[in-house]
There are 4 protein chains.
Amino acid sequence: MKKTTAGSLKPRKTPAQRRSAVTVDVIFEATIQVLLAHGFDQTTTTRIAERAGVSVGSVYQYFPNKRALLAAVVRRHIAEVVSAGVAACESVHGATLREMCSAAVSAFVDAKTRRPEVSRALYLPAAAVGADLIVREESMRSVRAVHAMLITAADAQFSQPAIVSQVLVTSVIGPMQAAIESGGGAPVFAALKQHLTALCAGYAKEMSRPN
Amino acid sequence: MKKTTAGSLKPRKTPAQRRSAVTVDVIFEATIQVLLAHGFDQTTTTRIAERAGVSVGSVYQYFPNKRALLAAVVRRHIAEVVSAGVAACESVHGATLREMCSAAVSAFVDAKTRRPEVSRALYLPAAAVGADLIVREESMRSVRAVHAMLITAADAQFSQPAIVSQVLVTSVIGPMQAAIESGGGAPVFAALKQHLTALCAGYAKEMSRPN
Amino acid sequence: MKKTTAGSLKPRKTPAQRRSAVTVDVIFEATIQVLLAHGFDQTTTTRIAERAGVSVGSVYQYFPNKRALLAAVVRRHIAEVVSAGVAACESVHGATLREMCSAAVSAFVDAKTRRPEVSRALYLPAAAVGADLIVREESMRSVRAVHAMLITAADAQFSQPAIVSQVLVTSVIGPMQAAIESGGGAPVFAALKQHLTALCAGYAKEMSRPN
Amino acid sequence: MKKTTAGSLKPRKTPAQRRSAVTVDVIFEATIQVLLAHGFDQTTTTRIAERAGVSVGSVYQYFPNKRALLAAVVRRHIAEVVSAGVAACESVHGATLREMCSAAVSAFVDAKTRRPEVSRALYLPAAAVGADLIVREESMRSVRAVHAMLITAADAQFSQPAIVSQVLVTSVIGPMQAAIESGGGAPVFAALKQHLTALCAGYAKEMSRPN
DNA sequence: CATGAATGAGGTTTCATTCAT
DNA sequence: TATGAATGAAACCTCATTCAT
């Protein structure tokens, strides 16, 4: 990244037409591929275009600059993962604490490990682009969903549900990331689910009063 | 950063003379300052040298390239934090689970928040440089220390102490980071200690049998 | 030249479009001009680009690095000279030894002195770049052509035609170079032809048996 | 070479003292070693000093700048070779043409191949340093010696002894260099002597009248 | 005298972005 | 609309040379 020109991060045109939507997808996928194959600093717009089978000019037709492109890729990935988590949370309103933790953790791990390489590839871009904002926004969605879920718990009551939600969401990411980086496969992820469920449930129990 | 030159990350010459040692320290501090004031991609070797009050040449007398410099700065910071945590762990061998969690978390939070800006400044460099390795190495030290501590717990026994240690260490970082990023002050960090202690203790209880 | 980067010496993209071909030629010519006007170490890529009326970037669009550019310039020049010599050799198959020497020497001197400054300008680059290889390759072409010629001589037979060819080719270059360096004009070159012809013919006679 | 500052090429102080003379020799030898081990552009003053076991400062005590150092090294080497040739020429005054050629060529080849690596190492520096002048000066000595020799030939007379001498000297260098570059050993050099003798004798015969 | 840390001008190279075709 | 050659600011890094110790 050269200058982080601080320009707009929003895509340039909404892909109204069919063709456009396809092109954007191709560019997204190419970006991830290049990121994985060449690493962050070798990820140039030209290379992305090449890999996508379009010209650099075309890339700039859809994104005002490189940052915007990376941001969009990051946003899409995070949004997917978060949405899965949010849906899981909503589906267990009214359940017990342990059921809630198990369901949410499971959904999160599944979503995140569906394409583990993608998570790895996007780690640096997310930080380097001003995607912190995006990450924060999406995290908020998770936190809110967890919050909304917790207060419906059948077997407990929280005095600080907001803070607890925040800690729950952020504490789960580290072990997740570590597991992905370590290159572990399905069995590792299965074990991870159990441990993260215990982590969340244990903490939730500590911070709540039985109902 | 242009090319991730993949060259050696080891410092170039050990500062033998007093003057040199000072110079290196000045450069370290300048690096952090620039990182904070201008952001990662605006952190150029020239700017670092300027801020340090030396010439670019001097920087390159001690570090073979920019990556190595950043890596060194990251290493020093992480090592400090980890060392504090490790010391705390060692000081509570034989205590109860809750005492252990409280002591370790407290030490970790204190170390990490002594200079919160530094943590923020080094977040991206750590990822961008090949400092993953460094981070991983230091993480291992923490994990081992936690592991050594856990198995001496007065009131509990673990069947998978290794995994538990790993999860404990990685789960604590996220909330920590979030608190720092949020810019919270002393009260936030105090609350954080309580929550992280609960997080750890709760999880530890879940994963162990009473003695 | 800083680092003899040892990277590829092959041009980067073959100029497909007309515009590109022109650009490359302009860069070639500019390189020679700068070499002549400023000398080898003052021949910077920036200066070449300036003189060529293009941007540095354009230079790097066609050549992966400075060495490759210089190598290409050297190669083109040497190839021209050698080709002239080879053609001359082929045109006198079956002639007498003296006719052969006269024809080959004449062609070589003519080719080399068509633009004497170029020869002077490229002397150092040829050595400094890894163009030794190029020079060697092209020399081989000359040697082979001379060899092929010699064995058809109407009036003589050689027992070691290979070695003789090698010596003939290499012995002629020194006096040639000296004459160019001395800045002599047409009359000097005319005299040179006679002397070199004598040199070659005399040696050839010594190393062969009359037919 | 950075700037070819065009400063004086003359050594800075005459090594009046014993110690100085030794130091200069050590530096000379170190220069050649570095040239051979690292190549021309990697031959830095610091590296030379290191290899010589002295400080950079000391190198600058004896030579005003890098060019002067390289020039001195080149000069010494060439002077040695030329002196050997000159001596040989003087020792055969009054002999026959063929004897002259044989003696001079033999001495030249011997001198040049005593340390073939040195010749290779100094090739580029000689050209890059403006040592052309030195080379030219020393060449002149050779040419004059050959000239003085030729006119005493017992069996021939030359109408243009000056030009003939010039051509003889310059024509012999190319094949010599090629033989060295090719890495050939003693047998190659033996054959070379025969061919160069034939080359010179043949040419000399062509350019002279029997006595 | 020797040392070697410090200097800093300047060289090479990259790559996001534009715009004529 | 798509293309991709051209741009050029700016980054990293080197190394001959100096001078305080």
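A, B, ... follow the sequence lines: proteins, then strands. Residue 1 opens every chain. Keep in mind that the numbers below use all heavy atoms, side chains included, and drop hydrogens, waters and symmetry copies. As the structure is a computational prediction, the values presented were derived from the model and not from experiment.
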Original post:
If you look only at pairs with a residue in residues 21-34 of chain A, which of them pass as a salt bridge (Lys or Arg N to Asp or Glu O under 4.0 Å), with sequence neighbours excluded?
Top reply: Asp25(A)-Arg76(A), Glu29(A)-Arg115(A)
Original post:
Considering heavy-atom distances to DNA chain F, does Ser58(C) or Gly57(B) have its closest nucleotide positioned more toward the 5' end?
Top reply: Ser58(C)
**OP:** Calculate the interatomic distance between Gln61(D) atom CD and dT3(E) atom P; express it in whole Å.
**Re:** 10 Å
Original post:
Looking at Thr23(B), does any N or O in its side chain come under 4.0 Å of the phosphate oxygens OP1/OP2 on dA6(E)?
Top reply: yes
Subject >> Partners meeting side-chain hydrogen bond (donor to acceptor under 3.5 Å, both in side chains) with Ser119(A) (sequence neighbours left out) >> reply: His77(A)
Original post:
Does a side-chain N or O from Thr45(A) land closer than 4.0 Å to OP1 or OP2 of dA16(E), or not?
Top reply: yes
Original post:
What residues, two or more places apart in sequence or in another chain, satisfy side-chain hydrogen bond (donor to acceptor under 3.5 Å, both in side chains) together with Ser58(A)?
Top reply: Ser55(A)
Original post:
OP1 or OP2 of dA6(F) sitting under 4.0 Å from any side-chain N/O of Tyr62(C)?
Top reply: yes
**OP:** Output all residues satisfying side-chain hydrogen bond (donor to acceptor under 3.5 Å, both in side chains) with Thr44(B), sequence neighbours left out; order by chain, then residue number.
**Re:** none
Original post:
If only side-chain N and O atoms of Ser55(A) are considered, is one of them under 4.0 Å from the OP1 or OP2 phosphate oxygen of dG4(F)?
Top reply: no
**OP:** Check the distance between dA2(F)'s C1' and Ile27(A)'s CD1 and give it to me in whole angstrom.
**Re:** 12 Å
Original post:
So what does Val59(B) touch, heavy atoms closer than 4.0 Å: a base, only the sugar-phosphate, or nothing?
Top reply: nothing
**OP:** Test Thr31(C) against every option in Val73(C), Leu36(C), Thr45(C) by the side chain to side chain contact (heavy atoms under 4.5 Å, CB included) rule and name the one that passes.
**Re:** Val73(C)
Original post:
Roughly, in whole Å, what's the span from CD in Glu50(C) to C1' in dG10(E)?
Top reply: 14 Å
Original post:
Once Watson-Crick and G-U wobble pairs under 3.5 Å are found, how is DNA chain F written in dot-bracket notation, 5' to 3', with | for any base paired to another strand?
Top reply: .||||||||||||||||||||
Original post:
Can you name the ring-ring contact (aromatic ring centres under 6.0 Å, His included) partners of Tyr60(C), sequence neighbours left out?
Top reply: none
Subject >> Tyr60(C) vs dT14(E): side-chain N/O to OP1/OP2 distance below 4.0 Å >> reply: no
